[in-house]
Amino acid sequence: MKRICFFLLMLGLLSGCAAPAAQSEPAQAQFFSMDTVMSVRVYDGPKEDAVQAARQAVEELDGLLSRTNPDSQLSALNAHAGDGSPVALDGRVSELLTFAKSISQLLPGDFDITIAPVMDAWGFTTDQRQVPDPQTLAGALALVDSDKLNMDETASTARLEAAGMEVDLGAVAKGYAAGQAAAAIRETGATSALLDLGGNVTALGRKADGSAWQVGVKDPQDTAQTLCILSMEDQTASTSGGYERYFEEDGVVYHHIIDPETGYPADSGLLSVTVVSADHTLADALSTALFVAGEEEALDFWRSRTDFELVLCTSDGRVVVTQGLEEGMRPTGEDRGYTYEIVRR
Ligand code: ADP
Ligand code: MG
């Protein structure tokens, strides 16, 4: 993997140094971080510096937020669960924890960042994936309760009340990283960029010709194809689906997005949820939460707010798109039998 990344990086460097005729060629980097492949492309300004700034922002966060890295701040928080001592955190970590806790409280049956013990019971953390026995699962579920994550944002500390509790930021870290990377790119003076942080696509500014970015939403049943193309500007499109990480046992597919009420993979009748928002972290959090929630609750929640739009792919082949995306949306899955519905407020 390292060698491939290096090759792609070299390609990026070469295109970044190209002759004036190729000015609109991006500088780019592809790298592995947060357990997934990411790419950054910058199309204007000090392109190379901007790419490196974005990559550094993401890698710094990976170092702080990884649950599998024993030296991360998240691991420190988890290691002190139940011992009463607040753990000092970098401002970014406490900001993200506070935000993720607020979503856990807003959508309690759907989203909970203290889901870690359940992820472990299923072996999603270690790659020893298995259906847990009911007792193990019940024990893990009993530890899931984000009310027992105590945050002091002013002091930038956090504390987990009960021993055995653990936080997992897998549902929000990439969205937060997208926001930090976008800010790092802007700080260099660049204004036009496209980031793909493993299923979270962020469009910065517009294309060099002044038009909006065109971003494909993957078909969850055939990820080489798209369901639709969206027009985007200064937004993230975050997609969650059972097809991204899963295993099969006795002919049943088990995926990595867990219903915190049952401890089992969510089975809400949705194949994927894409959330488009100018708030990158919100997009990521809600794609996971609304995948668990299902179509009806997701649309009710959408109606209660104005800061995001949705593309839902249902298991009966409907692509449900909220009103705010209608204008720039182009369906691309009709030949595979998908039907398209626009939902209005
Ligand atoms: P991906 O990481 O595949 O892009 P998501 O953003 O939907 O997809 O995040 C899935 C991750 O979120 C899981 O791997 C796990 O770490 C965490 N997670 C799973 N279920 C929940 C849940 N109900 N609430 C909060 N986090 C969850
Ligand atoms: Mg998410």
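Considering CG of Leu64 and CG of Leu96, their distance stands at 10.5 Å, rounded to 0.5 Å. Taken from OH in Tyr338 to SG in Cys228, the straight-line distance is 11.0 Å, to the nearest 0.5 Å. Atoms CG and CG, on Leu312 and Leu271 in that order, are 10.5 Å from each other to the nearest 0.5 Å. Going from atom CG of Asp267 over to atom CG of Asp259 covers 9.0 Å, rounded to the nearest 0.5 Å. How far CE of Met38 is from CG of Asp62: 7.0 Å, rounded to the nearest 0.5 Å. Taken to the nearest 0.5 Å, the NZ atom of Lys218 stands 5.5 Å off from the OH atom of Tyr243.
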Can you list the steps and then say if Arg129 with Glu249 is a salt bridge (Lys or Arg N to Asp or Glu O under 4.0 Å)?
CA-CA 9 Å; Arg129 301 171 186 193; Glu249 197 173 295; over 6 Å; no
For Val273 and Thr239, what are the C-alpha separation, side-chain angles and deciding distance, and is it a side-chain contact (heavy atoms from CB on, under 4.5 Å)?
CA-CA 6 Å; Val273 172; Thr239 300; over 6 Å; no
Walk me through it: do Val321 and Glu326 pass the test side-chain contact (heavy atoms from CB on, under 4.5 Å)?
CA-CA 7 Å; Val321 180; Glu326 182 177 13; 5.9 Å; no
How far apart are the C-alpha atoms of Asp279 and Ser277, what are their side-chain angles, what is the distance that settles it, and do they pass the side chain to side chain donor-acceptor pair (under 3.5 Å) test?
CA-CA 5 Å; Asp279 181 334; Ser277 177; 5.4 Å; no
Check the pair Lys47 / Glu25 against salt bridge (Lys or Arg N to Asp or Glu O under 4.0 Å), numbers first and verdict last.
CA-CA 10 Å; Lys47 300 175 196 173; Glu25 284 298 304; over 6 Å; no
Could you give me the CA-CA distance, side-chain angles and deciding distance for Leu286 and Leu107, then say whether side-chain contact (heavy atoms from CB on, under 4.5 Å) is met?
CA-CA 9 Å; Leu286 290 186; Leu107 294 160; 3.8 Å; yes
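Shown here for Pro108 and Pro260, the closest heavy-atom pair between the two residues is O-CG, 4.2 Å. Looking at every heavy atom in both residues, Ser231 comes nearest to Ala212 through OG-CB, 3.9 Å. Scanning both residues, Ala177 and Leu61, for their nearest heavy atoms gives CA-CD1, 3.5 Å. Of all non-hydrogen atoms in Ser146 and Thr114, the two that sit nearest each other are N-OG1, 3.5 Å. Of all the heavy atoms in Pro132 and Ala121, the pair that sits closest is CB-O, 3.6 Å. The nearest pair of heavy atoms linking Glu153 to Ser94 is CG-OG, 4.0 Å.
Between Leu141 and Thr262, the closest side-chain pair of non-hydrogen atoms is not below 4.5 Å. With a 4.5 Å cut-off on side-chain heavy atoms, Val276 and Phe308 do not count as touching. With a 4.5 Å cut-off on side-chain heavy atoms, Leu149 and Leu97 count as touching. Looking only at side-chain heavy atoms (C-beta outward), Pro220 and Leu227 come within less than 4.5 Å of each other. At a threshold of 4.5 Å between non-hydrogen side-chain atoms, the residues Ser156 and Asp90 do not count as touching. In this structure, Val42 and Ile185 have side chains that are in contact, with non-hydrogen atoms separated by less than 4.5 Å. Side-chain contact between Phe291 and His255 is present, with at least one heavy-atom pair separated by less than 4.5 Å. Proximity of Val37 to Phe31: side-chain heavy atoms (C-beta onward) are nowhere separated by under 4.5 Å.
The stretch residues 97-109 participates, sequence neighbours left out, in these side chain to side chain donor-acceptor pair (under 3.5 Å) pairs: Gln105-Asp147. Within the structure, every pair that satisfies the ring pair (Phe, Tyr, Trp, His ring centres under 6.0 Å) test and touches residues 186-231, not counting sequence neighbours, is listed here: Tyr43-Trp213. Here side chain to side chain donor-acceptor pair (under 3.5 Å) pairs that include residues 301-324, with residues two or more places apart or in two chains, are Glu295-Arg318, Trp302-Glu309, Arg305-Asp307, Glu309-Thr322, Thr314-Asp316, Asp316-Arg318, Arg318-Glu341. Listed by first then second residue, pairs satisfying ring pair (Phe, Tyr, Trp, His ring centres under 6.0 Å) with a partner in residues 260-285 read Trp122-Tyr264, not counting sequence neighbours.
Neither side chain, Asn78 nor Ser75, offers a donor N or O lying under 3.5 Å from an acceptor on the other. Side chain to side chain, Ser66 and Thr68 meet the donor-acceptor criterion of an N or O pair below 3.5 Å. Side-chain atoms of Thr332 and Thr226 form a donor-acceptor pair, as typed in the model, at a separation below 3.5 Å. A donor-acceptor contact closer than 3.5 angstrom links the side chains of Asp209 and Ser211. Between Asp44 and Ser192, the side chains place no donor N or O within less than 3.5 Å of an acceptor N or O (distance only, hydrogens not considered). With no hydrogens or angles considered, no side-chain donor-acceptor pair links Gln52 and Gln56 at under 3.5 Å.
Asp234 places no side-chain N or O within 3.5 Å of a backbone atom of Leu204 that could act as its donor or acceptor partner. A distance-only check finds a donor-acceptor pair linking the side chain of Lys174 to the backbone of Gly198 [under 3.5 Å].
Heavy atoms of other residues, nucleotides or ligands lying less than 6.0 angstrom from CD of Glu327 number 12 at most. Few gaps surround NZ on Lys207; more than 12 heavy atoms of other groups in view lie less than 6.0 Å from it.
Cluster partners of Val253, by chain and number: Tyr246. The rule joins Ile, Leu, Val, Met, Phe, Trp and Tyr whenever side-chain heavy atoms lie under 4.5 Å apart.
By the salt bridge (charged side-chain N to carboxylate O under 4.0 Å, His left out) test, Asp110 is found to be paired with no residue, residues two or more places apart in sequence or in another chain being considered. Listed by chain and residue number, Asp120, Glu166, Asp168 satisfy the salt bridge (charged side-chain N to carboxylate O under 4.0 Å, His left out) test with Arg67 (two or more places apart in sequence, or in another chain). By the ring pair (Phe, Tyr, Trp, His ring centres under 6.0 Å) test, Tyr176 pairs with no residue at all, sequence neighbours left out. The ring pair (Phe, Tyr, Trp, His ring centres under 6.0 Å) search around His256 returns none, not counting sequence neighbours. Every ring pair (Phe, Tyr, Trp, His ring centres under 6.0 Å) that Phe124 has, sequence neighbours left out, goes to Phe247. Partners of Glu95 under the salt bridge (charged side-chain N to carboxylate O under 4.0 Å, His left out) rule, at least two apart in sequence or in another chain, do not exist in this structure. Residues passing the salt bridge (charged side-chain N to carboxylate O under 4.0 Å, His left out) test with Glu187, sequence neighbours excluded: none.
A side chain to side chain donor-acceptor pair (under 3.5 Å) with Thr236 is found for one member of Thr202, Asn200, Asp284 and no other, namely Thr202.
Cluster membership check: Ile103 does not share its hydrophobic cluster with Val144, using side-chain heavy-atom separations under 4.5 Å among Ile, Leu, Val, Met, Phe, Trp and Tyr.
By the 4.0 Å N-to-carboxylate-O rule, Arg336 lies too far from Asp222 to be salt-bridged with it.
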